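These notes concern the structure reproduced below.
Reminder, nothing fancy here: chain letters follow the sequence lines and each chain counts from 1. Quick caveat, the model's predicted, so the values are computed rather than measured.
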Number of protein chains: 2
Amino acid sequence: MKRNSRLSSTLHILVHMAEKPEQALTSEQLATFIHTNPVVVRRTIAGLRDAGIVTSSRGHGGGWLLGRVPEKISLAEISVALGETLLPFSTEPESPGCLVEQAVIAVLDDFRIAAERLLAEKLSRITLADLTADFRRRFDLIGVSSHAV
Amino acid sequence: MKRNSRLSSTLHILVHMAEKPEQALTSEQLATFIHTNPVVVRRTIAGLRDAGIVTSSRGHGGGWLLGRVPEKISLAEISVALGETLLPFSTEPESPGCLVEQAVIAVLDDFRIAAERLLAEKLSRITLADLTADFRRRFDLIGVSSHAV
DNA sequence: CCAATCGTAACTAACTAAGTTACATGAAGC
DNA sequence: GCTTCATGTAACTTAGTTAGTTACGATTGG
């Protein structure tokens with residue numbers, strides 16, 4: 001798992017889970033999908049469990065299941081549950097008292113707040129169901145769902 | 001200069017430059033504004049010079065000047081010149097051939113492209129002149145522009 | 001009781017970006 | 001010309017972040 005790919009890796013995992021709604025998948029299995037190891041998976045999606053997006057169970061036959069139907073899981077929620085920031089830049093003061101900085105931060109914060117709201121709104125319209133639908137379309141076309149690589 | 005504060009630090013510098021349009025400011029002076037050192041400043045704003053947003057000159061009386069009036073310098077240009085990415089997440093394939101990943105990336109890329117266009121459009125409407133205007137408003141209110149800290 | 005599984009802490013490794021040092025290049029003033 | 005003040009840039013160091021790994025405790029089902 002590369003840097004900055006937590007969102008796409010998590011979505012990858014979730015689509016696989018959505019495709020096997022009855023079967024609890026282990027961290028081990030999920031890890032192979034995204035070429036990493038079980039502990040990284042547990043750590044990454046721990047927030048999703050707290051948010052009710054997935055559930056986990058221990059012991060024999062344990063593993064991970066979706067917490068609700070894919071139609072009710074939006075990318076906005078997932079992003080928040082992962083603790084991802086939508087915008088990468090910081091607006092924290094470094095020179096308290098400098099009016100130039102205050103002006104810069106004020107303008108930048110206005111932008112950031114508006115932009116975040118906008119992006120969150122866009123992300124809230126995309127659900128896990130949209131992703132599985134897209135996957136099935138591709139699958140029906142090609143007929144294979146290779147995980148050889 | 002903290003991580004992820006390149007945009008706000010650069011804006012800080014540019015507002016100071018806009019406030020002294022006749023006077024070339026040295027990297028040394030600019031560095032003190034954002035509590036770093038001259039080399040970091042040169043490195044950071046080198047891209048702005050390439051984009052014509054600022055000019056630099058060497059030798060006695062040398063330093064940095066705005067390349068054009070603040071009204072014609074947008075935050076969108078600055079952000080691009082800094083080489084900043086507007087969105088933090090990656091959509092590079094890690095499992096070529098996996099249809100699930102392809103579906104995830106397709107959806108995420110659609111979102112990213114739309115989002116980037118949107119953000120760039122918003123940023124292109126904010127100019128350096130807006131920042132200096134905001135600064136002057138604050139200055140007129142308080143009457144001091146401390147850089148003691 | 002045992003094997004499978006998650007939860008989590010602690011450590012290591014890899015990567016990124018800022019900070020620093022050093023020096024070459026160029027411009028202005030004497 | 002020589003000196004001084006600047007930028008330009010390469011190379012190295014340092015600090016911070018995050019993925020990866022190891023280890024082990026807790027829980028569950030057979």
Side-chain angles (χ1 to χ4, degrees), chain A residues 1-10 12-13 17 20 23-67 81-85 88-90 92 94-95, chain B residues 1-10 12-13 17 20 23-67 81-85 88-90 92 94-95:
Chain A
M1 183 154 116
K2 293 194 206 117
R3 276 176 102 96
N4 282 344
S5 64
R6 277 173 64 206
L7 180 57
S8 63
S9 294
T10 300
H12 188 156
I13 282 174
M17 285 169 63
K20 303 269 189 185
Q23 181 187 344
L25 296 173
T26 67
S27 309
E28 185 81 38
Q29 294 173 300
L30 298 177
T32 65
F33 293 143
I34 58 172
H35 303 112
T36 182
N37 76 50
V39 177
V40 172
V41 169
R42 286 183 212 130
R43 205 154 56 193
T44 303
I45 63 178
L48 303 203
R49 182 185 51 228
D50 301 341
I53 296 167
V54 297
T55 62
S56 65
S57 55
R58 303 185 181 193
H60 260 290
W64 301 82
L65 285 170
L66 292 185
L82 285 172
E84 303 265 89
T85 52
F89 60 85
S90 128
E92 277 176 42
E94 299 179 20
S95 313
Chain B
M1 186 153 114
K2 292 192 208 118
R3 274 178 102 96
N4 282 345
S5 63
R6 277 173 65 204
L7 180 57
S8 63
S9 293
T10 301
H12 188 156
I13 281 175
M17 287 169 63
K20 303 269 190 187
Q23 180 185 344
L25 297 173
T26 66
S27 308
E28 185 82 40
Q29 294 173 300
L30 297 178
T32 64
F33 293 142
I34 59 171
H35 304 112
T36 183
N37 75 50
V39 177
V40 173
V41 168
R42 285 182 213 132
R43 204 154 55 192
T44 303
I45 63 178
L48 304 203
R49 182 185 51 228
D50 301 341
I53 296 168
V54 297
T55 62
S56 64
S57 56
R58 305 184 182 195
H60 261 289
W64 300 82
L65 286 170
L66 291 185
L82 286 173
E84 303 265 86
T85 52
F89 60 84
S90 128
E92 276 175 45
E94 299 179 21
S95 312

Roughly, in whole Å, what's the span from [atom1] in [X] to [atom2] in [N]?
| X | N | atom1 | atom2 | result |
| --- | --- | --- | --- | --- |
| A:Phe89 | C:dA17 | CZ | P | 17 Å |
| B:Lys2 | C:dG19 | NZ | C1' | 16 Å |
| A:Glu28 | C:dC6 | CD | P | 9 Å |
| A:Leu30 | C:dG7 | CG | P | 12 Å |
| B:Asn37 | C:dA22 | CG | P | 13 Å |

Next on the checklist: At a heavy-atom distance below 4.0 Å, what parts of residues 38-51 of chain A sit against DNA chain D?
Outcome noted: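 The answer is A:Val39, A:Val40, A:Arg43.
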Item to check | Which atom of A:Val54 lies closest to which atom of A:Met17, heavy atoms considered | outcome: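 A:Val54 and A:Met17 have their closest heavy atoms at CG1-CE, 3.7 Å.
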Item to check | Closest approach of A:Pro88 to B:Thr85 (non-hydrogen atoms, all atoms of both residues) | outcome: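 Result for this residue pair: CG-O, 3.2 Å.
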Item to check | Rounded distance [0.5 Å steps], CZ in A:Phe89 versus CG in B:Asn4 | outcome: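 The distance works out to 10.0 Å.
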Next on the checklist: Just to verify, what does A:Ser5 make a side chain to side chain contact (heavy atoms under 4.5 Å, CB included) with, not counting sequence neighbours?
Outcome noted: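 A:Ser5: side chain to side chain contact (heavy atoms under 4.5 Å, CB included) contacts with A:Met1, A:Lys2, A:Ser8, A:Ser9, B:Ser90, B:Glu94.
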Next on the checklist: Using side chain to side chain contact (heavy atoms under 4.5 Å, CB included), reason through A:Leu30 and A:Trp64 one step at a time and then give a plain yes or no.
Outcome noted: CA-CA 9 Å; A:Leu30 298 177; A:Trp64 301 82; 3.8 Å; yes
Checklist entry - Does the pair A:Arg49 and A:Thr55 meet the rule for a side chain to side chain contact (heavy atoms under 4.5 Å, CB included), with working shown? => result CA-CA 5 Å; A:Arg49 182 185 51 228; A:Thr55 62; 5.8 Å; no
Distance-only criterion, 3.5 Å: show the donor-acceptor pairs between side-chain atoms of residues 36-48 of chain A and protein atoms not counting sequence neighbours.
from: A:Asn37; atom 1: OD1; to: A:Val39; atom 2: N; distance (Å): 3.0
from: A:Asn37; atom 1: OD1; to: A:Val40; atom 2: N; distance (Å): 3.3
from: A:Arg42; atom 1: NE; to: A:Ser27; atom 2: OG; distance (Å): 3.2
from: A:Thr44; atom 1: OG1; to: A:Val40; atom 2: O; distance (Å): 2.6

Checklist entry - Does any non-hydrogen side-chain atom of A:His35 lie less than 4.5 Å from one of B:Ser95? => result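 Yes - at least one pair of side-chain heavy atoms lies under 4.5 Å apart.
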Next on the checklist: Taking the side chain as everything from C-beta on, heavy atoms only, tell me whether B:Gln23 gets closer than 4.5 Å to B:Gln29.
Outcome noted: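 Side chain of B:Gln23 against side chain of B:Gln29, heavy atoms only: contact under 4.5 Å found.
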Polar atoms only, N or O, under 3.5 Å: list the protein pairs with nucleotides 25-30 of chain C and their distances.
from: C:dT25; atom 1: O2; to: B:Arg58; atom 2: NH1; distance (Å): 2.5
from: C:dG26; atom 1: O4'; to: B:Arg58; atom 2: NH1; distance (Å): 3.0
from: C:dG26; atom 1: N2; to: B:Gly59; atom 2: N; distance (Å): 3.1

Checklist entry - For C:dT5, does either OP1 or OP2 sit under 4.0 Å from a side-chain N or O belonging to A:Ser56? => result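 For A:Ser56, the contact criterion (side-chain N or O under 4.0 Å from OP1 or OP2 of C:dT5) is not met.
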Next on the checklist: Tell me whether the side-chain N/O atoms of A:Ser27 come closer than 4.0 Å to OP1 or OP2 in C:dC6.
Outcome noted: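 Yes, within the criterion.
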Checklist entry - Does B:Glu84 offer a backbone N or O that forms a donor-acceptor pair with the side chain of B:Arg6 under 3.5 Å? => result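 Pair absent, no side-chain N/O of B:Arg6 close to backbone of B:Glu84.
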Checklist entry - Got a sec, which residues hit salt bridge (charged side-chain N to carboxylate O under 4.0 Å, His left out) with A:Lys20, two or more places apart in sequence or on another chain? => result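 Salt bridge (charged side-chain N to carboxylate O under 4.0 Å, His left out) check on A:Lys20 returns nothing, list empty.
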Checklist entry - For DNA chain D, which nucleotides open and close the run of contacts to chain A, 5' to 3', at under 4.0 angstrom from a non-hydrogen atom? => result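 Boundary nucleotides touching chain A, in 5' to 3' order, are D:dT17 to D:dG29.
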